[in-house]
Every structure is written in C-alpha cells, then in structure tokens.
Amino acid sequence: MDFYSNEWSKPFKHIFEDEFWGKFNQYFNGAGNQPKANIYESGNELICTFFLPGIKSVEDIRLNVYESVLEVSGVINLEYNGFRLIHEEQQQGSFKRTLELPFPVRKDKVEASYKRGLLAVHLFRLIPNKSTQAISIIDEE
C-alpha cells in the first residue's frame with residue numbers, strides 16, 4: 001500500500017510543488033499581507049505611498065530606510081468590540097513591505113505623514129560628496 005501512495009505521485013510532484021504551489025506561496029508565508037504601494041519620482045525626489053487602512057495610531061507603523069531600500073511594517077487592527085468576524089477580505093494583522101528604490105536616498109531627510117489610510121513618505125536622493133577632505137596625521141615620535 002505504501003508503494004501506491006508514494007510512487008504514483010512522483011511524476012506530479014515537480015508540477016504541483018514548483019509551478020502550481022509556487023504561485024500560492026505568498027499567501028502561506030505571510031507575504032500576502034503586504035500593503036499596496038506606489039512610487040513617484042521627480043528629479044532627485046521620491047514619494048512612496050502605502051495603502052494602510054485600519055491603522056489606529058502612527059505608532060503602529062515602523063519606517064526604515066537604508067541606501068536604496070524603504071521598509072514599512074506594522075500592525076493593522078480592524079476589530080469591532082462585541083462582534084465576531086465571519087467573512088474577511090480586508091487583510092489585518094502584522095505586515096511588512098520592502099521596496100527597492102531607483103536610487104540611494106538620504107537617511108537624514110525623510111518626511112512621512114499618514115492621513116485617511118494613506119502613508120506618504122517623501123525621500124531625497126543621496127548625492128555623493130566628491131569633495132576631498134584633508135586627513136590629519138598624528139606624529140607619535
């Protein structure tokens with residue numbers, strides 16, 4: 001009996017594990033709970049917007065930027081006291097979204113605001129400083 005239960009599935013294993021299930025992995029590993037995002041560019045500036053309905057306080061959102069990566073994470077809570085959820089299409093719970101930006105941005109100049117379910121993050125291009133700086137040498141003699 002073990003032969004039949006294991007052997008017959010071998011030819012199909014590759015199809016269902018890689019091609020078929022690969023399309024659904026985002027929903028099983030938590031990646032499906034990512035907010036929708038847009039990136040807008042104008043010269044040396046970017047505006048990134050994230051659709052985050054259900055955020056009760058901006059303290060529920062964490063925003064990190066490093067080089068050309070913007071990361072937004074937090075918790076969306078859409079509970080109604082005294083009611084039990086019987087049908088869910090609006091995702092809630094923990095989320096994390098990482099965006100690859102078109103260029104490195106400044107860490108010291110980031111502006112973010114949240115209004116009516118939309119997080120807007122204003123970023124500025126990091127322009128490398130090509131000027132030279134004199135380095136002092138310590139005489140230890």
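We use all heavy atoms of the structure for the numbers below, so side chains are in, but hydrogens, waters and symmetry mates are not.
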Task: side chain to side chain donor-acceptor pair (under 3.5 Å) against Ser113, all qualifying residues, sequence neighbours excluded - done: none
Would one find more than 12 heavy atoms of other residues, nucleotides or ligands at under 6.0 Å from atom [atom1] of [X]?
X: Glu88; atom1: CD; value: yes
X: Phe83; atom1: CZ; value: no
X: Glu79; atom1: CD; value: no

Heavy-atom side-chain contact between [X] and [Y] under 4.5 Å:
X: Leu126; Y: Lys107; result: no
X: Ser68; Y: Glu100; result: yes
X: Phe50; Y: Ile61; result: no

Task: Between Asn38 and Tyr40, a side-chain donor and acceptor under 3.5 Å - done: yes
Task: Lys NZ or Arg CZ of Arg125 over Phe103 ring: under 6.0 Å, within 45° - done: yes
- [ ] Would you kindly check if the NZ (Lys) or CZ (Arg) of Lys36 is within the cone defined by 45 degrees around the ring axis of Phe51 and under 6.0 Å from the six-membered ring centre?
- [x] no
Task: Pairing of Glu71 and Arg97 as salt bridge, 4.0 angstrom limit - done: no
Task: Shortest non-hydrogen separation from Leu78 to Pro53 and the atoms involved - done: CD2-O, 4.3 Å
- [ ] Examine Val72 and Leu99 and state if one hydrophobic cluster contains both, with Ile, Leu, Val, Met, Phe, Trp and Tyr joined whenever side-chain heavy atoms are less than 4.5 Å apart.
- [x] yes
Task: Leu46 and its side-chain contact (heavy atoms from CB on, under 4.5 Å) partner, picked from Leu70, Leu123, Val121 - done: Leu123
